[in-house]
Amino acid sequence: MKNIFILLSLILFLGSCLEANDIEFHGFFQGNYSVSITSRNPDGRIFKWAEERFQLKINANIKPIVLFFKADTFYDHYDDKANIEFREGYLDYNSRIWDTRLGRQIITWGVGDLIFINDVFPKNYEAFFSGRPMEYLKKGIDGIKFGIYPSAMNFELVAVPVFEANNYPASNRFWSFNPLASITLTEQREPPANFANTEFAIRAYRDIKGMDASLYFYKGFSRQPSMMLEQQQMQTKNILFYPKLLVYGASFQGRALNGVLSFEVGHYDSVQDREGKNPVIPNSQTKFLIGYQRQIKEDFTVGLQYYNEYMHKFSEYKKALPSGFPTEDNFYQLMTLRLTRFFMHQNLKISFFVFYSPSERDRYINSEVYYKFTDNVNVTAGINIFGGTKQTTKFGGLDKNDNFYLQLRYEF
Amino acid sequence: MRQKFLWLILFALFLPINLWALTAEEIMKKSQAAFLYSGKDFKARIQMKLISSGGQQRIRELTMLRKNYGELGGEQKYFIYFFQPADVRNMALMINKFPKKDDDRWLFIPAINMVRRIAAQDKRSSFVGSDFTYEDVSGRDIEDDKYELVKEETFGGKDCFVIKSMPKGAGEDYSSKLSWIDKATFLPIKEEYQDKRDELYKVFTADEIKDIKGFPTVVKRSMRNVQTGHRTEVLFLKSDYDLNVEDSLFSERFLKNPPRKWVE
C-alpha cells in the first residue's frame, strides 16, 4: 500500500514536472557520524550512526498547483548498504479561503519544545538520540491535509489512511530497558490501512487578544507500541501492537512577562482500556505543559518548560501490573532548560538542552555547536548524554548510550 | 494682483519660519515617517552583504513586505521571506511591531514545517546577524530618546538638520546618535552612533536614493561597525509602494506557504 502510494505520487510528480516552467532544485551533501563515548553498542560496535547522504528538493510551480519533492539517497556504513529515503512529496493547491496538501508531508503541531502533546504525528527518536539533524526527528505522514480559513477561525483537517509508527532506538545500536528482552521472537502488528483505521486530526486556531490559541482533536492510534505475549506453536512471541487513541487538546502562546509564555494540555483517551485494567495497554492520561522563553540579551535566549503526565486509573494500573515490570509514576514530571547563544554575526551558535525528570530522577542532555564556514558549508558537533538512578526509566535506560556526533554539510 | 503678491511674500517668509519652528523631536518624527512609514504598504527584494574586516562575504537575500496600521509611528506588520543563504531558504519571519511594547515575532522553519513564536525583547539585537538591528529595520519608538538640534549644515550636497538622539533608558548599546536629516526629503543621509565610552561605534549611510511612486526611497544603504571593521551593505533590488497587501498575508497560513506573487 505504502509503496503504491509512493510510486503513484512519484509518477504524478515527474509527469507534471515536464510541464512546469518554474522548477527549483536545492538540497545538500552531508556526512553524519556519531560515536559512542562511554560503552560499546549492544552488538559490540562503536558507531551509533555513520553515513553520507545526498538530499534533493524539487519545487515545481505548475499553475494552479505546486509540487514538492524531497528525497535522500545515502550510504549507511553501519549496515553497509545504500538506500533511498522518500522524505516528502506532495501536491499543493491554494484557493482564497482554503488549501489542500496531498501526499507525504511533515506536520508539526503544539507549542512544546521537544515535548509533544498535541503533535500526534510520527517521530524518529532514534534519529534524535543518534545525533542526526533535527529535521529527521519528524517523519512524514501519507495523507491529505485541508486548510480552511474563514474569517472567525482557521482549521486544519488531516486524514491519514496509512499508519506510521514512531521509530525508537534499535536494539543493536542502543542499550535500553526491555522487560521482555528474553523473548527473542517479536512481531510488529500495525493497524491495516482501511477506512475504519484512517486517522483524523483536526486543529482549529485563531488569535485571542494577541495570544495564539489552538484546539486539537485526534482519532487514531498510539504510535508507541504496546507489548503482549502470544503462544504460537509452542513458542512465546512478543507482539508489538498500537492501541487505539483519542486525543483532545488545547494550546495558548503569547507575549507575557517580558517573554513568550506557552501552555498546552491534552487528554489521551485510551479507548481500548478506559478502565485501566489491561496491563498491556496504556491508561488514559492528561498531559500538561507550561513553557517560558526569554531573550536575556542580544543573541542569547533561555527557554524553560515544565511538563506533567497524570495517569487516570493508577490504582487499577498498579493492581493489574504483572510482577517484574517497573511501575510508572502516577504524576510523571519533566523539566527542560534550553540555552541558545549566537556569536560572530550568527555564524556560530551554541545550544544546550537538558531534560530532567524529578519523578523518575533521570536526565538527558543535548548540547551542540553549529558553525558556518561559508554560506554553503557548515558543521555541527554535539553530544547526547543520558543518565538516571534507575535502568527502568526513559533516560535512565539509555544510560550507556552517550554519544558524540558530527554533521558536515554542503547546502545548495 | 498686488495683494496676491503680498500674500505670496508673506507665505514665503512664513515657510522657513515654520521649518525653524520644528523641534528636534518633530524632525525625527517626520524622518521616521519618510524613512519607515511611506505609503500604505511597501515591498522590496533585499540583498544584504555581510562583510567581515577580512573581506569575507555572506549574503542574505529576502523579500520584505510591510503594511502600516493606524497613524504614522504606529503599528506595522512585516513579512520577511528568505531566499539565501541555503540554510535559511524558505524560512519566513513575521513581525507585528507595536510602539511602546515588545514586538510579536513568529518564525517558520520549513524543515519541520513548524511555526514558532520567538522571544523578542531586545529590539537592538542584530537582524539576521547583520550590523543592522531590528530597530533599524522597523524603527525605534520616538519616545525612547531625547533629542537636540545640534546644527544645520550641508552634507553630501544636501541641506541637513543634524540631530543628536540620546536614549532615555540605560542598557542600550549606544550613548548617543548623530543624524544628518535631509531637509528636502527628511531621509537620514548619515548616522553616527557613539558607544558607552563616547567613541564612534557604528556609521549608517544612505548611499542611493530613488524616487518610487513619489516616495523618496533609500535603495542602497550601509552600516559599518568602525570598531570591528565589520559592515553590512544593503541593496533594495525591487521596491514598490501601495500594492494593496492583504491583511490575511500576515497569518500562520501564509507564513507556512507564502503566496508567490508577494514573495517573488
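In what follows, chains are A, B, ... by sequence order, proteins preceding strands, each numbered from 1.
Geometrically, Arg53(A) engages Tyr136(A) in a cation-pi contact, judged by NZ or CZ lying under 6.0 Å from the ring centre and within 45° of the ring axis. For the pair Arg140(B) and Tyr134(B), the cation-pi test (distance below 6.0 Å, angle within 45°) is failed. Cation-pi check for Arg45(B) over Phe83(B) is met; the charged atom lies under 6.0 angstrom from the ring centroid and within 45 degrees of its normal. At least one test fails for Lys202(B) against the ring of Tyr174(B): distance under 6.0 Å to the centre or angle within 45° of the axis. The cationic atom of Arg409(A) (NZ for Lys, CZ for Arg) lies less than 6.0 Å from the six-membered ring centre of Phe28(A) and within 45° of the ring axis.
Looking at Lys220(B) and Glu208(B), no side-chain N of the basic residue comes within less than 4.0 Å of a carboxylate O on the acidic one, giving no salt bridge. In summary, Asp22(A) and Arg260(B) engage in a salt bridge, as defined by a charged side-chain N under 4.0 Å from a carboxylate O. Under the 4.0 Å criterion applied to side-chain N and carboxylate O atoms, Arg104(A) and Glu88(A) are not assigned as salt-bridge partners. Classification of Asp145(B) and Lys168(B) as a salt-bridged pair fails, no side-chain N sitting under 4.0 Å from a carboxylate O. A salt bridge does not link Lys177(B) to Glu192(B): none of the charged side-chain nitrogens sits closer than 4.0 Å to a carboxylate oxygen.
Heavy-atom pairs under 4.5 Å with chain B were tallied for His345(A), Gln346(A), Glu411(A), Gln293(A); the largest tally goes to His345(A). Ranked by heavy-atom pairs under 4.5 Å with chain B, the first of Leu137(A), Asp99(A), Ile296(A) is Asp99(A). For the options Arg89(B), Gln84(B), Arg60(B), heavy-atom pairs under 4.5 Å to chain A are most numerous at Arg89(B).
For a residue to count as touching a neighbouring chain, one of its non-hydrogen atoms must lie under 4.5 Å from one of that chain's; by this rule Lys297(A) touches chain B with the backbone only. Using a 4.5 Å cut-off between heavy atoms, Arg124(B) contacts chain A through its backbone alone, with no side-chain atom that close. If you measure heavy-atom distances from Arg96(A) to chain B, the contacts under 4.5 Å come from the backbone alone. Heavy atoms closer than 4.5 Å to chain B are found in the backbone of Val111(A), but not in its side chain. Contacts between Phe343(A) and chain B at a heavy-atom distance below 4.5 Å are absent for every atom of the residue. Using a 4.5 Å cut-off between heavy atoms, Gln56(B) touches chain A through its side chain atoms alone. For Asp207(A), no part sits under 4.5 Å from any heavy atom of chain B, backbone or side chain.
Side chain to side chain, Tyr78(B) and Asn96(B) fail the donor-acceptor criterion of an N or O pair below 3.5 Å. One side chain, Tyr81(B) or Asn90(B), offers a donor N or O that lies under 3.5 Å from an acceptor on the other.
Taking the ring centroids of Phe68(A) and Tyr90(A), they lie under the 6.0 Å cut-off.
For a heavy-atom cut-off of 4.5 Å, chain B lies close to Gly112(A), Asp113(A) in residues 112-123 of chain A. Contacts between residues 222-254 of chain B and chain A, counted as heavy-atom pairs separated by less than 4.5 Å, involve His230(B), Glu252(B), Arg253(B).
Within the 4.5 Å cutoff, the side chain of Ser262(A) has no heavy atoms near those of the Phe252(A) side chain.
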